[in-house]
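Counting starts at 1 for both ligands and their atoms, following the listed order.
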Amino acid sequence: MNMDNVVSYFSGGPAKIPNEVLEQVSRDVLQYGNTGVGVLEISHRSPAFLAILDNAITTIKELLDVPPNYRVAFFTGGGNGQFSAVPLNLMNRTGKADYIVTGTWSKSAAIEAAKYGTVQHVLPEGSTFMGVPDVSTWKLDPDAAYLYYCDNETIQGVEFATRPVPPEGVPLVCDMSSNICSRPVDISKFGLIFAGAQKNIGCAGVTLVIIREDLLDAPRSPHCPVILDYAVITNKNSNYNTPPVYAIHVLGETVSWVKRQGGIEEMKNRSDAKSKLLYSTIDSSQGFYVNEVKTENRSRMNVVFTVGAGEDRNKDLEAKFVEEAGKENLKALKGHRDVGGMRASIFNAVGIEHVRKLVVFMDKFRNENSENESSETRKLVDINK
Ligand SMILES: Cc1ncc(COP(=O)(O)O)c(C=O)c1O
């Protein structure tokens, strides 16, 4: 395939949606099945939508091997909505919860939860967002209402290598917004998993929630809005009020695409191959490109890197990188505004051919620009090890 005129899109979200899915859902906007109208116009009580809902839920259950005592539901309000929903529904049991803060998103979740009860920080004070500190340094409370973590921090590019183990009886709650469906997960070890759809499983507007049934009986806050109430929304089969019909349709089509591609194991193999290619390009650049995340926690979804590091970091070259990459149709590589630098988000819909094109560009850019760098910057930076 000649990639010259093809846009390679590395956005952190909303992110690339498989072309096959885009073609299908755009046809459906004009005419959905034999309904005589488009999917944006069908009633949320119609048989057509109930079938869309059923397909989305069934496919998720199948793909992720969801045990029978778990419910799959769709919420509005995005990941941030769940930052509130989790404490509003689950914190009241003991009034306190443990948070493992490894980056911007788990930090935001902890700040939000503190409005509703006591947030206890599991990691030692001063932990930087460069990886997950060793378990021996963690402080876990057996009386916490739940243990919360974010499996993949999209902004810092930090991903858990293994699932945290909570004390006996403490439900594990996880934000999987940016790595759901990218590796196998043992759902039975979780109390609740949520994921905004707009990275790996569709478009913005819908948030997937997988919840263990017994937690639907947890003593929720009297202030929990009905729209964030896990029991209400799941018991009404995600159709309590008008749900985001189109976003649920896109989600259903995207997870069906994952299934056709070979399922979660295949997505894992692809993610491993894509991320290895990028990290090996960074690591063999003799310090021109730097990723400072602890090796075992380097994200397979969001590969962040800078030009040089510390005092030798060269932000001018980073800006030039993003600009020149853009001219070659390598788009959305600018790092998140909180951290700067570059970020290549390589969610499921980003094929390896795009990553191959990116690493060729990275090598070319380094060759063209490393002469301008001081020898200090070119020294091998080995902070990872
Ligand atoms: C891991 C993670 N959690 C939560 C959020 C927040 O999601 P939303 O913008 O849907 O509220 C994001 C957004 O990028 C994210 O990456």
Side-chain angles (χ1 to χ4, degrees), residues 9-17 73-88 99-115 119 129-132 146-161 163-164 172-183 185 190 192-210 225 227-228 233 238 243-244 246-248 250-251 254 271 275 293 297-304 332-341 343-350:
Y9 191 52
F10 298 99
S11 170
K16 180 75 196 131
I17 292 173
F74 299 122
F75 285 72
T76 48
N80 276 273
Q82 293 305 309
F83 297 167
S84 322
V86 166
L88 281 163
Y99 276 73
I100 308 177
V101 173
T102 51
T104 304
W105 294 116
S106 44
K107 186 175 169 193
S108 297
I111 290 170
E112 181 63 14
K115 293 178 185 169
V119 165
F129 297 159
M130 294 295 176
V132 181
Y146 56 86
L147 170 63
Y148 181 102
Y149 79 110
C150 174
D151 207 29
N152 182 66
E153 285 284 357
T154 323
I155 294 175
Q156 284 81 13
V158 171
E159 191 172 24
F160 274 73
R163 174 176 31 80
L172 185 61
V173 172
C174 179
D175 174 0
M176 258 184 222
S177 294
S178 54
N179 65 351
I180 187 124
C181 289
S182 73
R183 62 181 176 187
V185 171
F190 292 84
L192 182 142
I193 292 170
F194 70 84
Q198 64 268 27
K199 296 159 203 306
N200 252 346
I201 50 172
C203 68
V206 62
T207 308
L208 166 70
V209 168
I210 303 174
I227 207 65
L228 293 181
I233 303 301
S238 304
Y246 193 62
I248 293 174
V250 176
L251 184 152
T254 307
S271 301
S275 53
V293 176
N297 298 124
R298 284 173 153 188
S299 169
R300 300 157 312 114
M301 297 283 113
N302 311 97
V303 178
V304 297
L333 285 163
K334 195 168 189 289
H336 189 275
R337 61 187 178 282
D338 286 358
V339 293
R343 172 177 63 173
S345 294
I346 43 174
F347 297 118
N348 287 346
V350 179

Using a 4.0 Å cutoff against the non-hydrogen atoms of [X], which atoms of ligand 1 qualify?
| X | result |
| --- | --- |
| T154 | 1 (C), 2 (C), 15 (C), 16 (O) |
| K199 | 13 (C), 14 (O), 15 (C), 16 (O) |
| G78 | 10 (O), 11 (O) |
| F83 | 4 (C) |
| S178 | 1 (C) |
| C150 | 1 (C) |

Next item on the list: May I ask you to decide if the ring planes of Y99 and Y148 are parallel, tilted or perpendicular, using 30° and 60° as cut-offs?
Entry: parallel
Notebook entry, point to check: Using 30° and 60° as the class limits, which term best fits the ring planes of W105 and H336: parallel, tilted or perpendicular?
Noted result: perpendicular
Next item on the list: Determine, stepwise, if the pair D151 / R183 fulfils salt bridge (Lys or Arg N to Asp or Glu O under 4.0 Å).
Entry: CA-CA 11 Å; D151 207 29; R183 62 181 176 187; 3.1 Å; yes
Margin query: Taking 4.0 Å as the limit for heavy-atom contacts, which would you say applies to N152 with ligand 1: side chain only, backbone only, both, or neither?
Written below: backbone
Check: With backbone taken as N, CA, C and O and side chain as the heavy atoms from C-beta onward, which portion of S108 lies under 4.0 Å from ligand 1: side chain, backbone, both, or neither?
Finding: neither
Just need the protein heavy atom nearest to [atom], so name the residue and atom and give the distance.
| atom | result |
| --- | --- |
| atom 13 (C) of ligand 1 | W105 CZ2, 3.3 Å |
| atom 8 (P) of ligand 1 | G79 N, 3.4 Å |
| atom 3 (N) of ligand 1 | D175 OD2, 2.6 Å |

Main-chain N/O of [Y] paired to [X] side chain as donor or acceptor, under 3.5 Å:
| X | Y | answer |
| --- | --- | --- |
| T207 | G78 | yes |
| N348 | C181 | yes |
| Q82 | D175 | no |
| N297 | E159 | yes |
| S178 | N152 | yes |

Next item on the list: Please confirm whether G196 comes under 4.0 Å of ligand 1, counting heavy atoms of the residue only.
Entry: no
Note to self: Please determine whether any non-hydrogen atom of M176 lies less than 4.0 Å from an atom of ligand 1.
What the structure shows: no
Notebook entry, point to check: With a 3.5 Å cut-off and no angle check, do the side chains of T104 and Q156 form a donor-acceptor pair?
Noted result: yes
Margin query: I'd like to check whether N80 has a polar contact with ligand 1, where a contact means an N/O of the residue lying under 3.5 Å from an N/O of the ligand.
Written below: yes
